[in-house]
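Below is one structure; the comments refer to it alone.
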Amino acid sequence: VYLSRGIKRSHLNKDDSGRDNGRSYKITALCGLALTITLAILGACHHYNTAGGDAGLVIFSYIMVVFHLIYYFVYIGKAKKVSK
C-alpha cells in the first residue's frame with residue numbers, strides 16, 4: 001500500500017530533494033528487493049531441512065518470489081526514471 005499510495009503523501013519524505021520523490025522510490029524498492037531475497041533464501045533452507053515434504057508450498061513460494069523480484073526490478077526502473 002505504501003509503495004503505490006503512501007510515498008507521495010508521506011510526511012517522512014517531505015525533505016526529499018529529488019523530483020517526484022525519486023529517493024523514496026529507490027529506498028522502498030531496494031528494501032523490498034532485499035526482503036524478498038532474504039525470505040527466498042530462508043524458504044529454501046527450510047525446504048531442504050524438512051526433506052522436501054512441503055513441495056507444493058515451496059513451488060508457490062518460488063512463484064511469489066519471482067513475481068516480487070519482477071515487481072521490484074520494475075519499481076527500481078521507475079525510480080531511476082523519476083529521479084532523472
Side-chain angles (χ1 to χ4, degrees):
V1 173
Y2 181 75
L3 292 176
S4 62
R5 297 193 45 133
I7 290 177
K8 293 180 183 176
R9 294 176 180 86
S10 175
H11 295 285
L12 296 175
N13 68 347
K14 63 183 174 188
D15 297 328
D16 193 359
S17 60
R19 226 174 55 209
D20 295 327
N21 307 313
R23 183 181 62 130
S24 297
Y25 280 111
K26 287 179 190 175
I27 291 170
T28 54
L30 290 174
C31 288
L33 187 62
L35 183 61
T36 300
I37 292 169
T38 301
L39 291 174
I41 291 168
L42 290 174
C45 291
H46 173 74
H47 174 67
Y48 292 119
N49 285 336
T50 59
D54 53 356
L57 181 62
V58 171
I59 292 170
F60 174 76
S61 297
Y62 286 153
I63 290 170
M64 292 302 293
V65 164
V66 169
F67 170 75
H68 280 88
L69 288 175
I70 292 169
Y71 179 79
Y72 285 120
F73 279 121
V74 168
Y75 205 80
I76 289 170
K78 179 180 176 181
K80 287 184 180 180
K81 260 197 281 185
V82 166
S83 64
K84 286 185 180 179

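In this text the structure is predicted, and so the values were computed from the model without any measurement.
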Taking only residues two or more places apart in sequence, or in another chain, which ones meet Ala34 in a side chain to side chain contact (heavy atoms under 4.5 Å, CB included)?
none
Any residue meeting side chain to side chain contact (heavy atoms under 4.5 Å, CB included) with Ile59, in chain and number order, not counting sequence neighbours:
Ile63
Where is the tightest heavy-atom contact between Tyr72 and Thr36, given as atom of each residue plus distance?
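Looking at all heavy atoms of both residues, the closest pair is CE1-OG1, 3.6 Å.
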Full working for side-chain contact (heavy atoms from CB on, under 4.5 Å) between Val66 and Tyr62:
CA-CA 6 Å; Val66 169; Tyr62 286 153; 5.6 Å; no
Test your reading of the model: is there a side-chain donor-acceptor pair from His68 to the backbone of Met64, 3.5 Å cut-off?
yes
The single option from Leu69, Leu42, Val65 that satisfies side-chain contact (heavy atoms from CB on, under 4.5 Å) with Ile37 is Leu69
